[in-house]
Amino acid sequence: MSRIHKEHLQAGYIFGDTTNEEYIYLPAGEVGVDHPICILERQGHYEDVDLETAAHLIDTLTLRPCSHPKLGKRSF
């Protein structure tokens with residue numbers, strides 16, 4: 001499952017839980033780099049996580065593709 005999540009993140013999809021205000025996404029500036037860094041956003045606080053960790057957190061936190069309040073459905 002995490003391989004699919006990685007590919008979706010690299011395609012710009014935003015995963016999240018709108019009720020708990022948790023989101024994970026890949027910023028446009030990280031597309032195509034060797035070791036992309038994703039953003040984990042929790043209630044307005046931001047943390048950098050690598051792509052592997054982001055895919056794991058999507059599974060662990062049961063995040064789903066969603067619409068971000070500022071970015072919309074895609075991060076780029």
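- With hydrogens and angles ignored, the 3.5 Å screen pairs no side-chain donor or acceptor of S75 with any backbone N or O of I14.
- Partners of A54 under the side chain to side chain contact (heavy atoms under 4.5 Å, CB included) rule, at least two apart in sequence or in another chain, are L9, I24, C38, V49.
- Put simply, CG on L57 and CD on E22 are 9.0 Å apart, with the number rounded to the nearest 0.5 Å.
- Between L26 and V31, some side-chain heavy-atom pair lies under the 4.5 Å cut-off.
- Under the 4.5 Å side-chain contact rule for hydrophobic residues, L71 and Y13 do not share a cluster.
- Among residues two or more places apart in sequence or in another chain, the side-chain hydrogen bond (donor to acceptor under 3.5 Å, both in side chains) test is passed with E52 by K6.
- Partners of A28 by side chain to side chain contact (heavy atoms under 4.5 Å, CB included), not counting sequence neighbours, listed by chain and number: F76.
- Looking at R74, its side chain does come within 3.5 Å of a backbone N or O of A11 through a donor-acceptor pair.
- Counting only residues at least two apart or in different chains, ring pair (Phe, Tyr, Trp, His ring centres under 6.0 Å) contacts with residues 23-47 comprise Y23-H68, Y25-H68.
- Minimum interatomic distance between Q10 and P36 (heavy atoms only, all atoms of both residues): NE2-CG, 4.3 Å.
- The line from CG of L51 to CD1 of I37 is 9.0 Å long, rounded to the nearest 0.5 Å.
- In this structure R64 satisfies the salt bridge (charged side-chain N to carboxylate O under 4.0 Å, His left out) test with no other residue, sequence neighbours excluded.
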| Can you check side-chain contact (heavy atoms from CB on, under 4.5 Å) on R42 and L61, steps first, answer last? | CA-CA 12 Å; R42 288 184 169 157; L61 301 173; 3.5 Å; yes

| request: Could you go through the side-chain contact (heavy atoms from CB on, under 4.5 Å) check for F15 and H8 one step at a time? | output: CA-CA 9 Å; F15 289 85; H8 282 156; 3.7 Å; yes

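- With sequence neighbours excluded, the residues satisfying side chain to side chain contact (heavy atoms under 4.5 Å, CB included) with P27 are E30, I39.
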